[in-house]
Amino acid sequence: MTASNLPVDPFDLVIFGGTGDLAMRKLLPALLHRFHAGQVPPSSRIIGVAREPLGDEGYRNHLREVLGQHGDSTVLEAFLQQVSYRPLDARKDEGWDEFAALIKQQAGHVRVFYLSTSPQLFVDICTRLGAHALNLGEARVVLEKPIGRDLASARGINDAVGRFFSESQTYRIDHYLGKETVQNLLVLRFGNALFEPLWNSAHIEHVQITVAETVGVGHRAGYYDHAGAMRDMLQNHILQLLCMVAMEPPASLAPDAVRDEKLKVLNALKPIDESNASELTVRGQYRAGVAEGASVPGYPDELGNTRSQTETFVALKAEIGNWRWAGVPFYLRTGKRLPERVSEIAVTFKPVPHSIFASNAGKLLQNRLVLRLQPDEGVKLWLTIKDPGPGGLRLRHVPLDMSFAEEFGVQQPDAYERLLLDVVRGNPTLFMRRDEVEAAWRWADPILEAWDASGEPPRPYFAGSWGPSAAVALIERDGRTWHEDHA
Ligand code: BG6
């Protein structure tokens, strides 16, 4: 089966931070794939911008190396004809007049300015775009997360960007919202009559959201040490997943209908602060160990700073204080250098009220709906059935298994492919609105402050393990275990 593609209008996409890690690993491969699928109209231009003094050909050569593995060289060469480069410094005037003239050559194009830079440059870049009137008309700005490092700095960025780009022109990207399974969660919940009546504290016992990575921080240590797992993953990706699981049914898929409901969830999260952070949160930092079959150094060695208190792992127990979810724990965890790369949402239903089966029939396990974001996107619904065949009535726990790749034979586009085209089309449904980002910080800030105030370093864990033992204790205290059966 082949996926059908919606057409897009001709566009200019400018990537600030055009030589950076995100541009090379995600944005340019995503654009190449969309080009291959015929979704980059011929007059569209992709312009990398960074401080390095490169020319168009120098940039293209670099891309030839980086994108070489992404398919056919004829396609790559055709794609590169639509790619160019401008050396610019966001903090200096030099070159901006010429850059503005270049952009204005295509007055009818949708203009997308993707700020894949440190947030400290957002204000300078937007000020210069505004000074050259590049923010007018069909212009959009894309902001990469994390937006700031706390509520105050996020507000500062939002105010500053907001002076030049209206909210409807501002696309705060959280690429987890572009993942296939996350969108499928909307369809599963609201396209089936089966789940919604059960989707509440009367029937759901608890929810787990895990985003585990095997990679360490590697060459991103400079950025990462100022962020940590809370700011890098939990405040954004994981909270967005939580919102999609927990929100009330929106009246439609209109961007604000969905975002209004997500905002209500964020605002209903019960506070975690100095009074309860040590009981409800665990933070960890990896030490040397074995990951992906090789010995790897610990975080302090990778960073070259043994005193860093930055967490590379966080697990916590959150609760949503509203009628639907009161009393249902949401266990959230994420970390680097864990044993597997797996992102999953596991929804565990309550046990049946009474068992009619003999005690030797086997254990009656609870139903669980597992939405796997990666790898092998898909959905499993764990049910209890009779073990087939003779020999008495024995219970068996088996998944109704729907692996998207196997079932539909479609190679899922990367989240960035979908989201970049959504920006061009002007569809902000899968982007974070200002008030969402700020509500997420409002909840995260007291946790970060409690950690700072405690003065306790993150707990060490071996690379290749599932984090500090305290994370296991966090859930076991409630008589539960982390969902690790990925069979
Ligand atoms: C990014 C984080 O937003 O998401 C990275 O900054 C992380 O630290 C990445 O590795 C994970 O994304 P994915 O799509 O590979 O799960």
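Basis for what follows: all heavy atoms, side chains included, without hydrogens, waters or symmetry-related copies. Atoms within each ligand, like the ligands themselves, are counted from 1 in listed order.
Looking at residues two or more places apart in sequence or on another chain, you find a ring pair (Phe, Tyr, Trp, His ring centres under 6.0 Å) between His237 and His175, Tyr176.
Using a 4.5 Å heavy-atom threshold, the side chains of Gln374 and Arg341 count as touching.
In this pair, Phe113 and Phe16 present their aromatic rings tilted. The plane angle is within the 30 to 60° band.
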Table please: side-chain donor-acceptor pairs of residues 239-246 below 3.5 Å, with sequence neighbours left out.
| residue | atom | partner | partner atom | Å |
| --- | --- | --- | --- | --- |
| Gln240 | OE1 | Lys262 | NZ | 2.9 |
| Gln240 | NE2 | Glu436 | OE1 | 3.3 |

Pairs under 3.5 angstrom only: tabulate donor-acceptor contacts from the side chains of residues 211-220 to other protein residues two or more places apart or in another chain.
| residue | atom | partner | partner atom | Å |
| --- | --- | --- | --- | --- |
| Glu213 | OE1 | Lys336 | NZ | 2.8 |
| Thr214 | OG1 | Glu292 | OE2 | 2.8 |
| His219 | NE2 | Asp21 | OD1 | 3.1 |

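Near ligand 1, residues Lys145, His175, Tyr176, Lys179, Glu213, Arg220, Asp232, Met233, His237, Lys336, Arg341, Gln374 each place a heavy atom inside the 4.0 Å sphere around the ligand atoms.
Atom CZ of Arg442 is surrounded by more than 12 heavy atoms from other residues, nucleotides or ligands within 6.0 Å.
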